[in-house]
Engineer: 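Here it is, the structure, as structure tokens.
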Amino acid sequence: MKTRITELFGIEHPIIQGGMHYVGFAEMAAAVSNAGGLGIITGLTQKSAADLANEIAKCRDMTDKPFGVNLTFLPVVNAPDYPGMVKAIIEGGVKVVETAGNNPQAVLPALHDAGIKVIHKCTSVRHSLKAQRIGCDAVSVDGFECGGHPGEDDVPNFILLPRAAEELEIPFVASGGMADGRSLVAALALGAEGMNMGTRFIATKEAPVHDNVKAALVAASELDTRLVMRPLRNTERVLTNSAVERLLEKERALGANIKFEDIIEEVAGVYPRILMDGEMDAGAWSCGMVAGLIKDVPTCKELIDRIMAEAEAIIAGRLQGFAKAA
Ligand SMILES: Cc1cc2nc3c(=O)[nH]c(=O)nc-3n(C[C@H](O)[C@H](O)[C@H](O)COP(=O)(O)O)c2cc1C
């Protein structure tokens, strides 16, 4: 399939694996890229710029296809070594960067001078337009369904994507709630040029996470996510567990007075314990409502091939059939 996104990134299929903390290691990114999508290494999971450079080199040894690096800009006082990470990305010959969080304007000149394409993840039309204005090459439009941080506007993709299509000139992918060929066809119908998946890619053979995590995703339904940290205006969609229920109880009890320190036990440093060690009740970890559509743990190639075959069958069969009948 050819879209402005496949052309922009030099990939075979319009499917991107979004950056994911403690999931987006070289193994994950290389498996997605080898299957014809765009795999993405998560920059901030690496402890330093030197570690990121090593992870990029490792990924390059595992694939000769294009892959990207996610740079998430956090609203923190002690910022990570972003300049060092940008240097590692450029020197590592990476051709795509997925930015997220705060405005990526400061890193754009260096990335663009190195011929790197930038796709910025946005949860609203106004942020998407800002990304276009400052010179991003594409946008990943992340609806309310998404795993991770959906922002504070709560607009689901059935509205957000066509609104983005009405306003944007640069290409965009649909992100949040995407799982299969039906998702891809719907995303294309709503104006996107491809899709970005997070949660679905965690339940694959190559995802370098504990088997308990994959089993939890297969077992979960679309009713099993919760929104946490809303009172802190840092909303995150997570899979429910005992720590999440405790966190929500604290939010109810403390109301508007809640501070980050009150929930530190449930959110700080929990990713390695859950994703690497499989301690499923250790804390809050990002997960999308799309868990309800995850029923198996295929390889990335099986997943992507299945999505493309299903999408093509829907377009050529079901949709053509409706059009002819009209
Ligand atoms: C476990 C997990 C960790 C994530 N970590 C990050 C991250 O560090 N940076 C980021 O930009 N997005 C992160 N995301 C969001 C994904 O890149 C993607 O936008 C989102 O998962 C899409 O929604 P979906 O899960 O419904 O596919 C994470 C998502 C998950 C599920």
Side-chain angles (χ1 to χ4, degrees), residues 15-25 28-29 32 37-46 52 68-76 80 85 97-102 104 118-123 127 131 139-151 156-157 160-161 172-180 183-184 186-187 192 194-204 207-210 213-214 216-217 220 222 224-228 234-239 241 244 267 270-276 280 282-294 303 307:
I15 300 176
I16 301 176
Q17 165 251 315
M20 287 180 281
H21 198 36
Y22 278 92
V23 180
F25 293 99
M28 179 85 261
V32 174
L38 183 74
I40 295 197
I41 293 172
T42 315
L44 291 194
T45 302
Q46 301 301 320
L52 177 59
V69 173
N70 170 284
L71 280 181
T72 300
F73 297 103
L74 301 170
V76 292
M85 293 201 172
V97 166
E98 176 195 50
T99 51
N102 285 351
V118 177
I119 179 164
H120 187 56
K121 195 181 305 172
C122 302
T123 58
H127 289 148
V139 183
S140 195
V141 176
D142 218 17
F144 183 51
E145 309 87 332
C146 74
H149 293 273
N157 268 334
L160 190 58
L161 298 173
F172 67 95
V173 294
S175 178
M178 304 288 132
D180 51 33
S183 321
L184 178 56
M195 68 180 181
N196 178 66
M197 302 194 297
T199 306
R200 173 65 266 200
F201 273 122
I202 304 177
T204 57
V209 304
H210 197 284
V213 177
K214 301 180 191 185
L217 290 177
E222 64 277 20
D224 291 332
T225 70
R226 301 286 181 271
L227 295 174
V228 298
N234 186 27
T235 301
E236 182 179 2
R237 187 180 294 284
V238 299
L239 189 67
N241 60 29
V244 167
V267 297
V270 299
Y271 269 69
R273 288 174 57 197
I274 297 163
L275 292 154
M276 300 177 91
M280 298 312 296
W285 67 286
S286 296
C287 174
M289 292 175 124
V290 74
L293 296 174
I294 297 176
L303 177 63
I307 291 170

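Both counts, for ligands and for their atoms, begin at 1 and track the order of listing. Remember, predicted model here, so these are calculated numbers, not experimental data.
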Engineer: Taking the cut-offs as 6.0 angstrom to the six-membered ring centre and 45 degrees off its axis, would you call R273 and Y22 a cation-pi pair?
Structural biologist: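 No, R273 and Y22 do not form such a contact.
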Engineer: Go through the side-chain N and O atoms of H21 and T42 and say whether any donor and acceptor fall under 3.5 Å apart.
Structural biologist: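 Their side chains do not contain a donor-acceptor pair, so the 3.5 Å distance test is not met.
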Engineer: Between the side chain of E98 and the main-chain N/O of I40, is any donor-acceptor distance below 3.5 Å?
Structural biologist: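 No; zero donor-acceptor contacts below 3.5 Å.
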Engineer: Using 0.5 Å steps for rounding, measure from the NE2 atom of H149 to the CG atom of L74.
Structural biologist: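 That separation rounds to 8.0 Å.
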Engineer: Ignoring hydrogens and angles, tell me if any N or O in the side chain of N157 forms a donor-acceptor pair with the backbone of L160 under 3.5 Å.
Structural biologist: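 No, N157 side chain to L160 backbone: no donor-acceptor pair under 3.5 Å.
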Engineer: With the criterion set at N/O pairs under 3.5 Å, what does the list of contacts between the protein and ligand 1 look like, atom names and distances included?
Structural biologist:
from: ligand 1; atom 1: 5 (N); to: H21; atom 2: N; distance (Å): 3.0
from: ligand 1; atom 1: 9 (N); to: T72; atom 2: OG1; distance (Å): 2.9
from: ligand 1; atom 1: 11 (O); to: N70; atom 2: ND2; distance (Å): 3.1
from: ligand 1; atom 1: 11 (O); to: T72; atom 2: OG1; distance (Å): 3.4
from: ligand 1; atom 1: 11 (O); to: K121; atom 2: NZ; distance (Å): 3.1
from: ligand 1; atom 1: 12 (N); to: G19; atom 2: O; distance (Å): 3.2
from: ligand 1; atom 1: 12 (N); to: K121; atom 2: NZ; distance (Å): 3.0
from: ligand 1; atom 1: 14 (N); to: G19; atom 2: O; distance (Å): 3.2
from: ligand 1; atom 1: 17 (O); to: G19; atom 2: O; distance (Å): 2.7
from: ligand 1; atom 1: 17 (O); to: K121; atom 2: NZ; distance (Å): 2.7
from: ligand 1; atom 1: 19 (O); to: K121; atom 2: NZ; distance (Å): 2.9
from: ligand 1; atom 1: 23 (O); to: G147; atom 2: N; distance (Å): 3.3
from: ligand 1; atom 1: 25 (O); to: G147; atom 2: N; distance (Å): 3.4
from: ligand 1; atom 1: 25 (O); to: T199; atom 2: N; distance (Å): 3.0
from: ligand 1; atom 1: 25 (O); to: T199; atom 2: OG1; distance (Å): 2.5
from: ligand 1; atom 1: 26 (O); to: G177; atom 2: N; distance (Å): 2.8
from: ligand 1; atom 1: 27 (O); to: G198; atom 2: N; distance (Å): 2.9

Engineer: Does any donor atom in the side chain of N70 or T72 lie under 3.5 Å from an acceptor atom in the other side chain?
Structural biologist: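 Side-chain D/A pair, N70 to T72: present.
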